[in-house]
Chemist: 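I'd like to ask some things about the structure below.
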Amino acid sequence: LTATLGDPVPESMDVTAEVMGCNSARISWPGFRAAAGVLLEFRIDVSSEVGGALQRHSTAHTEAGPGERCSVVLRGLFPGTQYFATVALRMRGFGSREWGRTGLRVGFTTDFARTGEG
């Protein structure tokens, strides 16, 4: 993570994925140090590996204040598939349209579907 004065900085690099079955997972990451009153907007990009190439699967969004640990539940995932989730952020209300890289990334594999699930 490259930060300049005033940029939000993660409190740790502890990003986790909790698989919640064959079609969903919860991605959690630490709070970010930022100026008081700043609202941070997060984008979670989810990719899967298909035929040796990463293909974008979906994107999720959430918001948080400085220092708040965040999580988002990803739904509509495919059973028995390896995914990679990457967290990006921008400061809301500062006219920032660009998404910044956080260096937060985690890999996970969804459960295989059992008979009757799907």
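We're numbering straight along the sequence, starting at 1. Worth knowing before you read on, the calculation uses all heavy atoms, side chains too, and leaves out hydrogens, waters and symmetry mates. What you are looking at is a predicted structure, and each value in this text was computed from that prediction instead of being measured.
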Chemist: Over all heavy atoms of both residues, which pair between Ala60 and Val72 is shortest? Give the atoms and the distance, please.
Modeler: CB-CG2, 3.9 Å
Chemist: Just how far is it from atom CH2 of Trp99 to atom CZ of Arg43, taken to the nearest 0.5 Å?
Modeler: 6.0 Å
Chemist: Answer whether the closest heavy-atom distance between the side chains of Val106 and Thr16 falls below 4.5 Å.
Modeler: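 The answer is no, as the side chains (C-beta and beyond) never meet within the 4.5 Å cut-off.
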Chemist: Side chains of Thr86 and Asp45 only: does a donor on one sit below 3.5 Å from an acceptor on the other?
Modeler: no
Chemist: If you round to the nearest 0.5 Å, how far is CZ of Phe78 from SG of Cys22?
Modeler: 11.5 Å
Chemist: Checking Thr110 side chain against Asn23 main chain: does a donor-acceptor pair fall under 3.5 Å?
Modeler: no
Chemist: Would you say Ile27 ends up clustered with Val19 if hydrophobic residues are merged whenever their side chains have heavy atoms under 4.5 Å apart, either directly or through other cluster members?
Modeler: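 Shared cluster, yes.
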Chemist: Could you tell me the separation between the CG atom of Leu40 and the CZ atom of Phe32, rounded to the nearest 0.5 Å?
Modeler: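 Interatomic distance, Leu40 CG to Phe32 CZ, rounded to 0.5 Å: 7.5 Å.
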Chemist: Going from OG on Ser47 to CZ on Arg105, what distance comes out if it is rounded to the nearest 0.5 angstrom?
Modeler: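 Output value for this atom pair is 7.5 Å.
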Chemist: side-chain contact (heavy atoms from CB on, under 4.5 Å), that's the test. Do Glu41 and Leu39 meet it? Break it down for me.
Modeler: CA-CA 7 Å; Glu41 185 176 6; Leu39 185 61; over 6 Å; no
Chemist: Roughly how far, to the nearest 0.5 Å, is the CG atom of Leu89 from the CH2 atom of Trp29?
Modeler: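 Answer rounded to 0.5 Å: 10.0 Å.
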Chemist: Taking side chain as C-beta onward, heavy atoms only, is Leu77 less than 4.5 Å from His57?
Modeler: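 Leu77 reaches His57 side chain to side chain.
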Chemist: How long is the straight-line distance from CD1 of Ile44 back to CG of Leu74, given to the nearest 0.5 Å?
Modeler: 7.5 Å
Chemist: Show the nearest heavy-atom pair for residues Thr81 and Ser48, with the distance to one decimal.
Modeler: CG2-CB, 3.9 Å
Chemist: Would you mind reporting whether Glu18 and Ser28 have side-chain heavy atoms less than 4.5 Å apart?
Modeler: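 A side-chain contact under 4.5 Å is absent here.
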Chemist: In terms of relative ring orientation, are Tyr83 and Phe108 parallel, tilted or perpendicular, with 30° and 60° separating the classes?
Modeler: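 Rings of Tyr83 and Phe108: parallel, under 30°.
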